[in-house]
Amino acid sequence: MSHTLSDIAQKISATLIHPSADNSTLTSHATNVNLDSTLITGLATLANAQAGQIAFLANSKYQQQLLTTKASAVIVSAEAAKSCPVSALVMDNPYMGYAILANLLDTTPAAAEGIHASAVISPTATLGENVSIGANAVIESGVKLADNVCIGAGCFIGKNAVIGESTKLWANSSVYHSVVIGKHCLIQANTVIGSDGFGYAPVPGQYKWHKIPQLGSVIIGDHVEIGASTTIDRGALDNTEIKDGVILDNQIQIAHNVIIGENTAMAACSVIAGSTVIGKNCTIAGLVGINGHINIADNCVFTGMSMVTKSIKTAGAYSSGTPVAPNSEWHKTNARVKRLDSLNKRVKALEKQLNK
Amino acid sequence: MSHTLSDIAQKISATLIHPSADNSTLTSHATNVNLDSTLITGLATLANAQAGQIAFLANSKYQQQLLTTKASAVIVSAEAAKSCPVSALVMDNPYMGYAILANLLDTTPAAAEGIHASAVISPTATLGENVSIGANAVIESGVKLADNVCIGAGCFIGKNAVIGESTKLWANSSVYHSVVIGKHCLIQANTVIGSDGFGYAPVPGQYKWHKIPQLGSVIIGDHVEIGASTTIDRGALDNTEIKDGVILDNQIQIAHNVIIGENTAMAACSVIAGSTVIGKNCTIAGLVGINGHINIADNCVFTGMSMVTKSIKTAGAYSSGTPVAPNSEWHKTNARVKRLDSLNKRVKALEKQLNK
Amino acid sequence: MSHTLSDIAQKISATLIHPSADNSTLTSHATNVNLDSTLITGLATLANAQAGQIAFLANSKYQQQLLTTKASAVIVSAEAAKSCPVSALVMDNPYMGYAILANLLDTTPAAAEGIHASAVISPTATLGENVSIGANAVIESGVKLADNVCIGAGCFIGKNAVIGESTKLWANSSVYHSVVIGKHCLIQANTVIGSDGFGYAPVPGQYKWHKIPQLGSVIIGDHVEIGASTTIDRGALDNTEIKDGVILDNQIQIAHNVIIGENTAMAACSVIAGSTVIGKNCTIAGLVGINGHINIADNCVFTGMSMVTKSIKTAGAYSSGTPVAPNSEWHKTNARVKRLDSLNKRVKALEKQLNK
């Protein structure tokens, strides 16, 4: 699958200009569209691109690499195009151009093709058109897989789970009974959806923790992406909910009855404790811990390793934690912080002495 | 499966009173037990319960929802019963009532039913009465599964592992060779028990780390619960041990030779490094990190994201970390902490000046 | 499989001395080699060893246990040999002696033996000599497994993945398409290699995040070890790279385009964000978070729960975070830190007052 450079300009709505042209005068791709029949076979970084490949410049940090790139063309802003030594695909948002082109030139194989003979599919499961189920996957009774659903090898889909149109799961993921997943979702390998929430009542006696069956489920919206080895627990009574457009990275933990609002993004290894409600369009970086039974407003940003103990009512960026210091300096700082009380007393004594 | 309201009152040992009655005078369920034949089909939260469902009030935060609930009855304390607009199931510990009732009305399916034809079971494995093994599970040689054990689809049970009576594993979990799991345990999906501990000796040469085979195992007691995608490493020489009644949430990491005392509870994503011994009845919140080769006393509580570097000899609640602040304030605080040394010097100078 | 004590002395290059001998005079094993035919059947800790087993003393913390050990012999330093009540295997580095002996007496079974009939292997996959593939494993088209590769039960090996000689994967791991793994690697259960990196372009409209296909792969060197439930994402365009000799513990998260240098060791649950380059011979303890797009010099050490936000240019030990304190003290410290600004102002006022 290859495309001419002119084709690509058109498909990503970029203006194609050539290095020989006066770069300061941009000409619309409409007039140039048939001018460049260079065959493009792939995408690469500025540093590694070869002839036949397209690179992009979206982060000024890599500006220097533009000057020596061997790419056949580079997706750039109008400003950067001025110093582009090869053909330039000029657009306002080069990162978006790269995203569109990556989809056009996508070489990712399907997680499964057709229905493998070794898959174990209950006769009471309902399969839409063009469903794929990988080798050794297990589809339990009452499951509903809509059109174009793709279930990777070794996945387990529990009783009565419902998976919407064009949703794809990679290998060895486990989806428990009655979980509902929307349309156009993408779930990476070894992820678990619908495991029991961590609910116990303390009781007297030899075994302290009385298990509380988790009778809710997990409801996942449309266009949700979930990384590898992420776990999303089912609700205790009501459901755990992941709304439309949410993106979750790897090894995230979502406890029972959490609700995550539309289009919120969470990076790897972050944790949300039970019954917390996260707003829309939030950005949660990696290794963030969010307490249970709190509410986070829409449009909040938490930087990496933040510790969120209370509800946040106002949109904005929030942080906690201290960046690393050389080990000896860190020891000193911790000792100083421990002596803050004494420092405070000394200041108080001085104030008294001066103002008596 | 449905029950009358009176049945339920009896089963959870609650006093059933009706909204029409004078709520300040509680009548024992013994005298009322046949009075209410309302059919109860499920449990729900105060906010979402419908007719035919029972709700509960155990957290005063939700008191307001009691007033408008559509539940057929609510499990409440005697105090809360006074403002209950529907039938009240009165008991001292409504949360425990909810826990018992959730078990009574539990709809969780079995992780597997019967022995699936696609399961691969070594002829030298020993299976008790009424064992269930899901599709595509693999049971290796010498494995012993006691009565009523239930192995989910796609699980791997390594050579000579022993699993006690009525223990259940959900799908795609991996249990290595020689691991011993007790009775009445519940293990969620994609969990790993008995993987190699992280043990290497540094050596000169191209490859620095000389692997040390991990020759111990993992011994898990009775009534232990383990969440999804948790990992428990086997010991280097002695065993890693999880004692009776311990409950572990999702994505917990237990390193080699850790010992966790009876009834300790650990929330998601906490980590215990090698050879550490945790006492009984401890409560470890989420994302806590506990150093290796230390001892934690019984009845310790660690709040979320705590960093435990040294042995703790006294029961009590321990914490570390700072909650999030708005990003700009956080930057300022970090800068101030860095300047603590200079502040200390300035105070010293003032003291000298004043007291010379 | 058993060995005489003299055999073992020779194999680990230790000097065997007997408790009856004058311990202060060490005699070389060359002269003693046939003197002790005690049969050794295993390794154990000082505290738990029985007759027929060998223990070792490498950490002075366990010195006391030497005095009462029931081991047939103990691997010790020359100094510790003086107080060894049983036969001593004397060497400069007893821990290394233990490591070699553990390999000699290793009882770990293979992750798979032979090619199981239930494995699903594409006819276009290429298998070397002596390859083992466990039950219900799935090997997709174009996969290349070199000699002595061992794939555990239920593993998924995606299209065109290449796995080098003698590499072993435990059960239920998922290796995506085109991933390359070197020779003599060991990968524990339920690990994921080659899942999509977390790359999205924000777009206007109902669904905010436009998926960017991840077209790079993961390249893993030789003699790399990877723990259970670790996740390593494939690169966006270039590859994610784990160099020779790296050891990764359980539940580690490696984002797209990270490069980890030779022989670096990472403990459990640490996280490296996208495009970061880690040097050689680094030691990264547990629960460490490392920011994206930064560079870490060779020979850096990060203590547990460190937060690494910027590039580190100098080798050395780095730390952050505060160890736990009793909960009430922690509250006070946090309050004092919050009031640092006011304390600073008070000191400033005192300085003004004194120096006006």
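These numbers come from a predicted model, not from an experiment.
Heavy atoms of Q251(A) lying under 4.5 Å from chain C belong exclusively to its side chain. For M266(A), the part lying under 4.5 angstrom from a heavy atom of chain C is the backbone only. Within the 4.5 angstrom heavy-atom criterion, atoms from both the backbone and the side chain of A171(A) approach chain C. Contacts of A273(C) with chain A are absent, with no heavy-atom separation under 4.5 Å from either backbone or side chain. For T45(A), the parts lying under 4.5 angstrom from a heavy atom of chain C are both the backbone and the side chain. Interface remark: K348(A) contributes backbone and side-chain atoms alike to the contact with chain C (heavy atom separation under 4.5 Å). Contacts between L287(C) and chain A at a heavy-atom distance below 4.5 Å involve backbone atoms as well as side-chain atoms. For Q253(C), the parts sitting under 4.5 Å from any heavy atom of chain A are the backbone and the side chain alike. Within the 4.5 angstrom heavy-atom criterion, only side-chain atoms of E113(A), from C-beta onward, approach chain C. In this structure, chain A has no heavy atom under 4.5 Å from any part of T314(C). Residue N103(A) touches chain C through both its backbone and its side chain, counting heavy-atom pairs closer than 4.5 Å. With a 4.5 Å cut-off on non-hydrogen atoms, V138(C) touches chain A through its side chain but not through its backbone. In this structure, chain A has no heavy atom under 4.5 Å from any part of S178(C). Of the atoms belonging to I139(C), not a single heavy atom falls under 4.5 Å from chain A.
With 3.5 Å as the limit, one finds a donor-acceptor pair spanning the side chains of N355(A) and Q353(C). There is no side-chain donor-acceptor pair under 3.5 Å between H293(C) and N59(A).
Side-chain contact between T108(A) and Q214(C) is absent, with no heavy-atom pair separated by less than 4.5 Å. In this structure the side chain of D196(C) reaches within 4.5 angstrom of the side chain of L186(A), judged on heavy atoms. Contact check for W170(A) versus S174(C): no side-chain heavy atoms found under the 4.5 Å cut-off. When side chains are defined from C-beta on, Y98(A) counts as touching I212(C), because their heavy atoms get closer than 4.5 Å. Inter-residue side-chain proximity for N250(A) and S195(C) is flagged as met; some heavy-atom pair is nearer than 4.5 Å.
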Discussion item. The test is side chain to side chain donor-acceptor pair (under 3.5 Å); show your working for N344(A) and R339(C) and say whether it passes.
Written reply: CA-CA 10 Å; N344(A) 190 52; R339(C) 286 195 301 263; 6.0 Å; no
Worksheet item: side-chain contact (heavy atoms from CB on, under 4.5 Å) between L237(C) and F56(A): does it pass, once the steps are laid out?
Response: CA-CA 11 Å; L237(C) 291 173; F56(A) 72 101; 3.8 Å; yes
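The distance from atom OG of S319(A) to atom CE of M307(C), rounded to the nearest 0.5 Å, is 7.0 Å. Atom CG in L354(C) sits 4.5 Å away from atom CG in L354(A) (nearest 0.5 Å). Within the model, atoms CD of Q188(A) and CZ of R234(C) stand 9.0 Å from one another, a figure rounded to the nearest 0.5 Å. The distance from the CG atom of N263(A) to the OH atom of Y207(C) is 9.0 Å, given to the nearest 0.5 Å. Rounding to the nearest 0.5 Å places OG of S306(C) at 7.5 Å from CE of M305(A).
Using a 4.5 Å heavy-atom cut-off against chain C, the contacting residues of residues 327-335 of chain A are N327(A), W330(A), N334(A).
If you tally non-hydrogen atom pairs under 4.5 Å between each of G304(A), A135(A), P109(A), S229(A) and chain C, the highest count goes to P109(A). Contacts with chain C were tallied for L350(A), L248(A), L101(A); L248(A) has the most, counting heavy-atom pairs under 4.5 Å. Of all the listed residues (A153(A), G42(A), G134(A), A285(A)), the one sharing the greatest number of non-hydrogen pairs under 4.5 Å with chain C is A153(A). In terms of non-hydrogen atom pairs under 4.5 Å with chain C, the most contact-rich of G154(A), G245(A), A325(A), A44(A) is A325(A). Interface check for chain A: of the options D233(C), T230(C), N160(C), V203(C), the most heavy-atom pairs under 4.5 Å are formed by D233(C). For the options D222(A), T107(A), N93(A), heavy-atom pairs under 4.5 Å to chain C are most numerous at D222(A).
Counting non-hydrogen atoms of other residues, nucleotides and ligands closer than 6.0 Å to NZ of K61(A) gives a total above 12. Environment of NZ in K243(A): sparse, with no more than 12 heavy atoms of neighbouring residues, nucleotides or ligands closer than 6.0 Å. More than 12 heavy atoms of other shown residues, nucleotides or ligands fall within 6.0 angstrom of atom NZ in K159(C).
Between V192(C) and A228(A), the closest heavy-atom pair is CG1-CB, 3.8 Å. Contact between H210(C) and A99(A) at its shortest, heavy atoms only, is CD2-CB, 3.7 Å. Residues P202(C) and M96(A) approach most closely at O-SD, 4.4 Å, considering heavy atoms.
Formation of a donor-acceptor pair under 3.5 Å by the D249(A) side chain with backbone atoms of G197(C) is not found in this model. In terms of modelled atom types and a separation under 3.5 Å, the side chain of S320(C) and the main chain of T322(A) share a donor-acceptor contact. Within the 3.5 Å criterion, the main-chain N or O of K211(C) finds no donor-acceptor partner in the side chain of E225(A). Side-chain atoms of Y176(C) come within 3.5 Å of backbone atoms of A189(A) as a donor-acceptor pair (strictly under, hydrogens ignored). A donor-acceptor pair under 3.5 Å is absent between the side-chain atoms of W209(C) and the main chain of V246(A), judged by distance alone. No donor-acceptor pair closer than 3.5 Å links the side chain of N172(A) to the backbone N or O of N190(C).
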